[in-house]
Protein chains: 2
Amino acid sequence: MARERRRQKDRTAETSARLKAATIDLLHDRGFWRMSTVEIARQAGVSRGALTHHFASREEIITESVADMLRRVTDDLHRFAEDFADRGGSSDEIVDYIWRMMSDRLFYVTMEFLPEARHNADFKARLIPVVRAFHAGLDAVWTALAARSGVDPDRTRTAMNASMCLVRGMIAQTVIRDDPLYYTGLLDFWKTQLRPLFPVASGRGAEGGRAPG
Amino acid sequence: MARERRRQKDRTAETSARLKAATIDLLHDRGFWRMSTVEIARQAGVSRGALTHHFASREEIITESVADMLRRVTDDLHRFAEDFADRGGSSDEIVDYIWRMMSDRLFYVTMEFLPEARHNADFKARLIPVVRAFHAGLDAVWTALAARSGVDPDRTRTAMNASMCLVRGMIAQTVIRDDPLYYTGLLDFWKTQLRPLFPVASGRGAEGGRAPG
DNA sequence: ATTTACAAACAATCAAGTTTGTTTTTCGCA
DNA sequence: TGCGAAAAACAAACTTGATTGTTTGTAAAT
């Protein structure tokens with residue numbers, strides 16, 4: 001393009017980024033074990049030599065790619081939490097948000113590497129800190145909801161972690177069962193269950209923030 | 001052994017059963033792609049030649065093993081549904097049952113082959129009918145609960161499918177997060193949510209089952 | 001006798017990591 | 001500031017090991 005001479009830092013950053021993006025793409029489209037480092041290089045538009053230069057092993061490029069992806073999602077999560085706290089959203093919105101976030105490749109990619117984490121202690125260890133950061137992002141969202149609806153934070157966390165698990169299980173099921181109405185039905189049911197737990201304080205503030213158990 | 005002369009039917013049945021059991025064991029302990037046909041034969045205590053004699057390919061022994069496993073679980077499900085209908089159990093009990101059923105290797109093994117189903121159309125096609133039968137088994141349980149508590153069957157199905165998804169998502173999370181209290185907390189939360197939807201008809205209160213230790 | 005169950009050796013493929021070679025960038029130093 | 005060595009970014013060929021499906025051989029059941 002414009003610059004014929006590029007700094008090595010820039011070249012490294014760009015090539016690594018392309019390779020990591022290609023890795024996530026293939027993780028999603030081809031699967032953890034079906035994809036090869038040859039494919040990753042091809043998809044990234046670089047030689048396999050470039051790949052081996054920047055990443056010591058197949059396992060390394062995968063762990064770094066997944067870590068990158070989770071960090072990006074975590075950033076989004078924090079932005080959403082801030083925005084949500086500012087304008088005071090509803091529990092419905094949160095359900096929709098996590099459904100969209102998880103459906104958008106995140107949990108499909110997760111299903112690719114979860115089995116590996118279960119069988120490969122190094123891989124799992126490398127993953128845990130970044131997963132913890134992701135959960136901290138989730139907690140930021142839950143905390144915003146708890147503050148906004150005046151509900152006990154612990155109870156909020158439980159309800160929202162359950163929502164996360166529900167969505168995980170739903171997306172797992174989409175692999176075998178393709179039935180959009182089934183999933184919207186489940187989400188609606190879930191929203192209905194959550195609503196009384198997190199009353200919206202706005203407007204005619206009749207509710208003080210307590211829900212009958 | 002006791003019998004020196006065995007029918008070929010019996011030999012085939014026994015050897016196949018050993019191989020399929022070994023396949024499920026390794027699927028759980030080593031993972032879909034980490035295990036090899038050599039390992040399966042060794043685990044089953046037969047030669048690899050025996051394996052190739054009874055199963056045309058690696059994919060075939062895996063699909064047949066998984067189908068067998070799902071059929072066994074489905075049988076259990078129907079037995080539970082019958083028993084549950086006879087004595088009129090609580091929704092708490094159902095939550096405990098599906099948690100136990102899914103935690104007992106079933107969903108870990110499922111997480112091993114779900115990605116394969118996502119990327120391998122033949123594999124998926126081979127799986128769908130047996131998964132459908134499994135869901136029919138689940139429906140038998142839900143129907144028993146609906147009849148017993150006089151709740152609309154459709155609503156019951158939705159609530160119970162949500163329970164299944166919740167449990168799936170919880171078990172997926174156990175791969176990364178090892179925290180038994182977290183999971184019992186989620187189960188208790190969910191039982192509390194379900195209880196008012198499925199009131200126990202008798203005057204004895206909703207004492208049902210307690211969470212497993 | 002002929003088919004079936006099992007056993008073991010074989011062949012071909014494939015992917016990961018290594019090595020070797022070439023071009024571009026960086027940097028110490030005159 | 002300019003030059004040359006060193007290092008980094010790529011590229012491609014090579015090595016090795018593992019795995020699957022196939023083939024060939026043998027004992028037992030039909």
Side-chain angles (χ1 to χ4, degrees), chain A residues 1-23 26-27 29-65 112-113 116 119-120 122-123 126, chain B residues 1-23 26-27 29-65 112-113 115-116 119-120 122-123:
Chain A
M1 310 296 195
R3 219 158 262 103
E4 298 233 341
R5 304 211 135 186
R6 287 184 309 169
R7 305 274 126 113
Q8 289 194 335
K9 295 266 172 160
D10 294 341
R11 293 176 63 172
T12 296
E14 196 195 313
T15 305
S16 296
R18 292 169 66 99
L19 282 164
K20 286 186 281 191
T23 301
L26 289 171
L27 224 35
D29 296 340
R30 296 258 309 147
F32 193 101
W33 289 106
R34 287 175 167 263
M35 76 181 183
S36 68
T37 55
V38 175
E39 281 178 299
I40 295 175
R42 172 153 30 94
Q43 169 95 4
V46 305
S47 74
R48 207 178 86 90
L51 188 155
T52 66
H53 175 68
H54 290 288
F55 302 94
S57 68
R58 181 191 139 102
E59 193 172 320
E60 184 176 304
I61 191 177
I62 295 179
T63 53
E64 293 198 14
S65 303
E112 295 295 332
F113 68 72
E116 182 64 13
H119 301 294
N120 181 339
D122 286 348
F123 187 90
R126 179 76 181 67
Chain B
M1 315 291 189
R3 216 159 261 103
E4 300 234 340
R5 301 211 141 189
R6 287 184 308 168
R7 314 269 140 117
Q8 289 195 332
K9 294 264 173 166
D10 294 341
R11 291 175 64 171
T12 295
E14 195 196 314
T15 305
S16 296
R18 291 169 67 99
L19 283 164
K20 287 187 278 190
T23 301
L26 289 171
L27 225 34
D29 296 341
R30 298 256 312 145
F32 193 101
W33 288 105
R34 289 179 165 264
M35 74 180 187
S36 67
T37 54
V38 176
E39 280 178 300
I40 295 174
R42 172 153 30 95
Q43 170 93 7
V46 305
S47 74
R48 207 179 85 90
L51 189 156
T52 66
H53 175 70
H54 290 288
F55 302 93
S57 70
R58 181 190 138 103
E59 195 172 316
E60 183 175 305
I61 190 177
I62 295 179
T63 52
E64 293 197 13
S65 303
E112 295 294 333
F113 67 73
E116 184 64 11
H119 300 294
N120 183 338
D122 285 348
F123 187 89

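Each chain gets a letter, A, B and so on, in the order its sequence line appears, and its residues count up from 1.
Rounded to whole angstrom, the span from the CD1 atom of A:Ile40 across to the P atom of C:dC14 amounts to 18 Å. With rounding to whole Å, B:Leu19 atom CG is found 10 Å from C:dA7 atom P. Rounded to whole angstrom, the span from the CZ atom of A:Arg42 across to the C1' atom of D:dC10 amounts to 18 Å. We find that CD of B:Glu14 is positioned 16 Å from C1' of C:dT4, with the value rounded to whole Å. When rounded to the nearest whole Å, the span between CD of B:Glu39 and P of D:dT20 equals 9 Å. Rounded to an integer number of Å, the gap from A:Lys9 NZ to C:dT24 C1' is 17 Å. Atom CG of B:Asp10 and atom P of D:dA28 are 18 Å apart (whole Å). Here D:dA18 presents its P atom at 18 Å from CH2 of B:Trp33, a figure rounded to the nearest Å.
A:Glu64 pairs by the side chain to side chain contact (heavy atoms under 4.5 Å, CB included) definition with A:Lys20, A:Phe55, A:Glu60, A:Arg126, not counting sequence neighbours. Residues passing the side-chain hydrogen bond (donor to acceptor under 3.5 Å, both in side chains) test with B:Glu59, sequence neighbours excluded: B:Asn120. Checked against side-chain hydrogen bond (donor to acceptor under 3.5 Å, both in side chains), A:Ser16 has no partners two or more places apart in sequence or in another chain. Every residue was checked against the salt bridge (charged side-chain N to carboxylate O under 4.0 Å, His left out) condition with B:Arg42, not counting sequence neighbours, and none meets it. Residues meeting the side-chain hydrogen bond (donor to acceptor under 3.5 Å, both in side chains) test with A:His54, sequence neighbours left out: none. The side-chain hydrogen bond (donor to acceptor under 3.5 Å, both in side chains) check on A:His53 picks up nothing, with sequence neighbours excluded.
Proximity note for B:Thr12 (side chain, C-beta onward) versus C:dA5, C:dT26, C:dC6: the nearest is C:dA5. Closest approach to the A:Arg7 side chain among C:dT26, C:dT25, D:dT19 is made by C:dT26 (side chain taken as heavy atoms from C-beta onward). For A:Thr37, the side-chain atoms get nearest to C:dA16 when compared with the rest of D:dA9, C:dA16, C:dC6.
Within the structure, the side-chain hydrogen bond (donor to acceptor under 3.5 Å, both in side chains) test picks out the following pairs touching residues 29-40 of chain B (sequence neighbours left out): A:Glu116-B:Arg34, B:Arg30-B:Glu39, B:Thr37-B:Arg48.
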If you restrict it to nitrogen or oxygen atoms, what contacts under 3.5 Å exist between nucleotides 13-17 of chain D and the protein, and what is each distance?
none

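Of all the residues in residues 51-65 of chain A, A:His53, A:His54 reach under 4.0 Å from DNA chain D with at least one non-hydrogen atom.
Proximity of B:Ser36 to the phosphate of D:dA18: no side-chain N or O atom is located under 4.0 Å from OP1 or OP2.
Shortest non-hydrogen contact noted between A:Leu19 and A:Ala44 is CD2-CB, 3.7 Å.
Counting only heavy atoms from C-beta outward, the side chains of B:Phe113 and B:Ile62 never approach each other to under 4.5 Å.
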